[in-house]
Amino acid sequence: QIIVMLGQWLKFEKEARELMFSLTKSMAKTHLGSGKSVIIPYLLTNHQHAVEFENIANQKGVSFYEIYLSLEKEEAINRCLGRTRIARTY
């Protein structure tokens, strides 16, 4: 959800995604540096991004795990629709 906090992210989506990745790396470094665990809740479709997160973990002396969770299409759609309903209540 970081990307939606960036101004004009839809108009400049490519740049916003690059900025989001940079911010996410910084957040992970900071949080790991304080001795906490980190979960990055999105699909790493760019192999280099996964390598960079693994390098951050290695630099901080912690393990890196990449996990992919899959749902049936209908269940995934229902969950997305449910999140939309929840978001509208805020």
Side-chain contact test, heavy atoms from C-beta onward, threshold under 4.5 Å: evaluate it for Met27 versus Ile2 and give yes or no. yes
Name the orientation class of the two ring planes belonging to Phe21 and Phe53 (parallel below 30°, tilted from 30 to 60°, perpendicular beyond 60°). perpendicular
Would you say CD of Glu72 has more than 12 non-hydrogen atoms from neighbouring residues, nucleotides or ligands within 6.0 angstrom? no
Closest non-hydrogen contact found for Phe64 with Ala50 is CZ-O, 3.8 Å
Group every Ile, Leu, Val, Met, Phe, Trp and Tyr by side-chain heavy-atom contacts under 4.5 Å, then state whether Ile40 and Val62 land in the same group. yes
Flag if over 12 foreign heavy atoms under 6.0 Å of CG, Leu71: yes
All heavy atoms of Ala57 vs all of Ser63, minimum pair found to be CB-O, 4.1 Å
Indicate every side-chain donor-acceptor pair of residues 11-20 with a distance under 3.5 Å to a residue at least two apart or in another chain.
residue: Glu13; atom: OE2; partner: Arg17; partner atom: NE; Å: 3.0
residue: Glu13; atom: OE2; partner: Arg17; partner atom: NH2; Å: 2.9
residue: Lys14; atom: NZ; partner: Glu18; partner atom: OE2; Å: 3.0

According to a 4.5 Å side-chain heavy-atom criterion applied to Ile, Leu, Val, Met, Phe, Trp and Tyr, with indirect links allowed, do Tyr42 and Leu10 form part of one hydrophobic cluster? no
May I ask you to test the Ile56-Val38 pair for a side-chain heavy-atom distance under 4.5 Å? no
Contacts satisfying salt bridge (charged side-chain N to carboxylate O under 4.0 Å, His left out) that involve residues 38-61 (not counting sequence neighbours) are Lys25-Glu52
Can you tell me if CD on Gln48 sees more than 12 non-hydrogen neighbours from other groups inside 6.0 Å? yes
